[in-house]
Amino acid sequence: MTVPFLNTDALPYCKGCGHSLIAKNTAKALEKLNYQPLDVIVVTDIGCHGIIDKCLNTHTVHGLHGRSVALGAGISFANDDPNRKIIVFIGDGGSTIGLQHIMEAARLNLNLTVVVHNNYLYGMTGGQSSGLTPVGFSTTTSLEGNPFEGYDICALTHTAGAAYVSRIMGIGDISDKLAIALSTKGFSLVEVMEICPSYGVKLNPRRKLAEIVESSGRQLGEWTNKREPHVNHQGRKNEDLLATLPVIKKGFKSYLKSPMSLVLSGSAGEGVQLAAGLVSKAAISSGLHVSQKGSYPVTVGVGFSTSELNLSPVPLSFHGINLPDTAIITSQDGLDHNRKRIEAMTSGKLIIDSSLEVPQTAAEVLQYDFRSVGERNASVFAIFYWALKTGIISTESLFKVIQDEGKGEKLPMAKIKDALSAVK
Amino acid sequence: MLANKKGMQTLTDASRLIIESMARAGADAFIGYPITPANLLYLYGSQRMPLMLAAPDEITTLQWMAGLSAAGRIPVTATSFPGYALMIESINMAYMMELPMVIILVQRLGPATGTATCGAQGDLALLNGQISGGHPLPVLCTSSFEDCWTLSAKAVEMAVNLRTPVVLLTSKEEVMTSKSFDVSSLPEIIKTERKYYDMKCDGKYKSYKPTDLIPDFLPVTQAKHQVRLNASTHDQQGLLQHSSDEAMNNTRRLEEKIRQKAYEFTWYDLDETEKADTLVVAYGITAAAAKDAVNQLRSEGEKVSLLIPKTLIPAPDVYIEIMDSYTTVVVAEENINNQFCKMLYGIRKPLNQRFIGSLGKMITPQQIIEEVKS
Ligand SMILES: Cc1ncc(C[n+]2csc(CCOP(=O)(O)OP(=O)(O)O)c2C)c(N)n1
Ligand code: SF4
Ligand SMILES: [Mg+2]
């Protein structure tokens, strides 16, 4: 025994409402295409058209106003059974609030058929104008006629890339026309032109649907794009995000006895974050616990670049830094970004490029020409200088990280070594 | 696990731990829309999850997730307040439809766009009232790298077992900071599978007929039983109702389901010192400062206990029991209106409680130490 798509003839709409015609003809089209009800998933929007669920023997999904196309899209992404058919019933109102979802589904050419029940107004909420209401059409919120042009939903959807789009009159037997859309591979949309007897007919008493459609300038017809339907794109995958993390072996010693905080700051493009990463890894290889966080302006390629590090012989919980124990500043941007903190330091060290004016601070000041190795390498040179001067981690541990990570070629290591040997 | 890495240190951020954990726990789709400070999660999600989709906005994100979930997948996304605000109607939809999914909410400084690169703990009040009707939607909050591993997996398990969206709450300071971390110390993660209604049953399947409060699930992409999902008020079949008894019982069940089942997903750390009069309470990013503060205070001979709540919604009664049992309770939270306590007690702050708040700056261990000593 074949199960019908509709479980009743008495559909829940006002007398003469085009929504009944669409529901009945969709059922008829699906039968013609030999679908079984449970092969079909009907996603309905909020609006008069959306109260059809209870009359359908298909799967039914009743979501939010305007979002049904995106909800159907989600099902479509997950479905790989070619025998399933996903249909979205939406109104002109839902198409207005959810326009983006229609464009996106068309752009991706998802396997999905959208039936737009265009009755030119928000039926369920009392007959207000929608984005698809044509100029001159009267609604409860534009009694003297809608002052604006409506969207051409078919043109928009076609240009967005839908495989198949059509505009048809909601009169007579439209099952064959719906069947063309329903059998399309990829995204299809049918705009069915209707008039809502309760509001549209009442407010536009002498007008006929055909005349309204014609005077709105919208042509009936079909528009196609020759495109393959969507397939989920599988980019290069990483099967284990932990396995690809470099393991840092302990090979060095640190004589750090208590936690210390370090702020490294300079200009974007001058290797600040790279240098901070080197310190972190070298410190870990020296048996220390580390935290590292970067900060930079929204436009990452200009202005300051700062990294805040905590190094500790014991495990760390809190990683925030108010006043650092050591600040390493390699450029004016870095100085400007940290000036207040540096001025507030009551102890610790300020290691600063000799080209910069030293701010008022109680920290011990060490000046050196870090930019002599080229501004792009100033930060890397500065952390070597810091390691050499303080011995908190060894310069060997830094060299080892550079070697292990294959960064030796990108950095002018010979130049940095030379410059380092000149440091007293 | 990771035997080849036994006892090996790495430098990692928490975003990586969260995504890897969720993937191992069974999450199989990441839907992304860029927003600082959740971008690292998006990056890792795109690399790690079997399916990654780039949505054109956050409403679409949630709708796509709901569709995927209705078809049997376990989707995840990550966002911050501006994106989360757009998702809320759709989160209500997924809650009503009972579709599992995880939303990672990375807190940043508000209101509105606020400061994208500044941490905060300002979203709990919103999360506590986000479902129309005031029903609870589960929120788990991480307070350490270890939590980012274990709770992330639990968020997936909770979403699937309770058939609900779950929020994993974190903050900019947690997911964008790298730390030395021994990955070999991480416990194994058990994979969660979507549980399906027994297809061999020939009886009539009803999409919202509960067994022990939770309805059996069937994907809309199978063809044996009719599935009806509905975000409007509905009966057990999933058919729209105005306010029939059956439908009201269904809506009541949504609340009871979370309240009753959440006890299996209730986590908190309680580190008590004998005879302590003072309790420090902090969750999320502020818990790290609280731990350091309590350690320091104890090393100075102070008797002080520490409570770190992790299951924030629904909050278990035990939080109030613990907090009421101390003479002094110091609550630290990175906002200026004490959202955690308001959630527990309403606007009338109990006399034994003191609040340390902050705006635009992390609360430091020193601030907590001073408040405890004062
Ligand atoms: C987000 C949101 N805004 C507004 C509404 C109220 N609403 C319900 S139905 C509807 C209009 C439906 O109009 P249309 O989509 O054209 O369907 P019709 O009733 O004409 O079939 C609106 C605005 C809602 N449900 N959700
Ligand atoms: S109000 Fe209009 S759109 Fe709604 S059912 Fe009645 S005739 Fe149809
Ligand atoms: Mg309409």
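What you are looking at is a predicted structure, and each value in this text was computed from that prediction instead of being measured. Note on naming: letters A, B, ... go to the chains in the order of the sequence lines (proteins, then strands), and numbering restarts at 1 for each one.
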- Query: Ignoring hydrogens and geometry, is there a side-chain-to-backbone donor-acceptor pair from R16(B) to L241(A) under 3.5 Å?
  - Reply: yes

- Query: For Q222(B), is it the side chain, the backbone, both, or neither that has a heavy atom closer than 4.5 Å to a heavy atom of chain A?
  - Reply: both

- Item | Any side-chain heavy-atom pair of D292(B) and L316(A) under 4.5 Å | no

- Query: What residue, out of A70(B), P365(B), A116(B), has the most heavy-atom pairs lying under 4.5 Å from chain A?
  - Reply: P365(B)

- Task: Indicate the atoms forming the closest heavy-atom contact of F318(A) with T364(B), along with that distance.
- Result: CZ-CA, 3.8 Å

- Query: How far apart are the C-alpha atoms of R236(A) and Q47(B), what are their side-chain angles, what is the distance that settles it, and do they pass the side chain to side chain contact (heavy atoms under 4.5 Å, CB included) test?
  - Reply: CA-CA 7 Å; R236(A) 201 188 303 151; Q47(B) 295 167 349; over 6 Å; no

- Query: Looking only at heavy atoms, which two atoms of R84(A) and A223(B) are closest? And how far apart?
  - Reply: NH2-CB, 3.4 Å

- Message: Which atoms of H234(B) are under 4.5 Å from chain A, going by heavy atoms: the side chain, the backbone, both sets, or neither?
- Response: neither

- Query: For Y13(A), which residues count as a ring-ring contact (aromatic ring centres under 6.0 Å, His included) partner, sequence neighbours excluded?
  - Reply: H19(A)

- Query: Out of I86(A), D80(A), N79(A), D39(A), which one pairs with T221(B) under the side-chain contact (heavy atoms from CB on, under 4.5 Å) rule?
  - Reply: N79(A)

- Do side-chain atoms of S180(B) reach the backbone of V290(A) as a donor and acceptor pair under 3.5 angstrom? yes

- In residues 104-113 of chain A, which residues are in contact with chain B at a heavy-atom separation under 4.5 Å? E104(A), L108(A)

- Distance-minimising heavy-atom pair for L68(B) and A78(A): CD2-CB, 3.6 Å

- Contact part of I363(B) toward chain A, heavy-atom cut-off under 4.5 Å: side chain, backbone, both or neither? backbone

- Message: Whether D240(A) and R24(B) form a salt bridge (side-chain N of Lys/Arg under 4.0 Å from carboxylate O of Asp/Glu) is what I want to check.
- Response: yes

- Message: Taking every non-hydrogen pair under 4.5 Å, which of I59(B), L62(B), T117(B) racks up the most with chain A?
- Response: I59(B)

- Task: Working to the nearest 0.5 Å, report the span between CD of Q9(B) and CG of L288(A).
- Result: 10.5 Å

- Would you indicate whether the side-chain heavy atoms of H233(A) and M52(B) approach each other to under 4.5 Å? no

- Query: Can you check whether D57(B)'s main-chain N or O pairs, donor with acceptor, with Q100(A)'s side chain at less than 3.5 Å?
  - Reply: no

- Query: Quick one: what part of I285(B) sits under 4.5 Å from any heavy atom of chain A, side chain, backbone, both or neither?
  - Reply: side chain

- Spell out, as yes or no, whether a donor-acceptor pair under 3.5 Å connects the side chain of K179(B) to the backbone of H319(A). no

- Task: Measure distances from R73(B) to the heavy atoms of chain A and classify the residue's part below 4.5 Å as side chain, backbone, both or neither.
- Result: side chain

- Item | Structural part of E173(B) lying under 4.5 Å from a heavy atom of chain A | both

- Message: Counting only heavy atoms from other residues, nucleotides and ligands, does the tally under 6.0 Å from NZ of K400(A) exceed 12?
- Response: no

- Task: For the pair R48(B) and E239(A), find out whether any cationic side-chain nitrogen is under 4.0 Å from an anionic carboxylate oxygen.
- Result: no

- Item | Contacting moiety of K224(B), where chain A heavy atoms sit under 4.5 Å | backbone

- Item | Min side-chain heavy-atom separation K54(A)-L240(B) under 4.5 Å | no

- Item | Any H62(A) side-chain heavy atom under 4.5 Å of R228(B) side chain | no

- Side chain / backbone / both / neither for L309(A) at chain B, heavy atoms under 4.5 Å: neither

- Item | Shortest non-hydrogen contact between K237(A) and P50(B), atoms and distance | CE-O, 3.8 Å

- Task: Mark yes or no for whether Q226(B), through its side chain, and T58(A), through its backbone, hold a donor-acceptor pair below 3.5 Å.
- Result: yes

- Task: Measure the shortest side-chain to side-chain distance between L64(A) and S90(B) over non-hydrogen atoms and say whether it is less than 4.5 angstrom.
- Result: yes

- Smallest heavy-atom separation, K293(A) atom then K172(B) atom, equals CD-NZ, 4.2 Å

- Among all residues two or more places apart in sequence or in another chain, which pass the ring-ring contact (aromatic ring centres under 6.0 Å, His included) test with H101(A)? none

- Item | Segment of M49(B) engaging chain A (4.5 angstrom heavy-atom cut-off) | backbone

- Task: Sort out for me which residue in I41(A), L71(A), I75(A), V61(A) forms a side-chain contact (heavy atoms from CB on, under 4.5 Å) with L229(B).
- Result: V61(A)

- side chain to side chain contact (heavy atoms under 4.5 Å, CB included) between I284(A) and T10(B), worked out: CA-CA 8 Å; I284(A) 296 170; T10(B) 61; over 6 Å; no

- Item | Pairing residues for F77(A) by the ring-ring contact (aromatic ring centres under 6.0 Å, His included) criterion, not counting sequence neighbours | H230(A), W64(B)

- For I248(A) and L11(B), work out which heavy atoms get closest and say how close. CD1-N, 4.0 Å

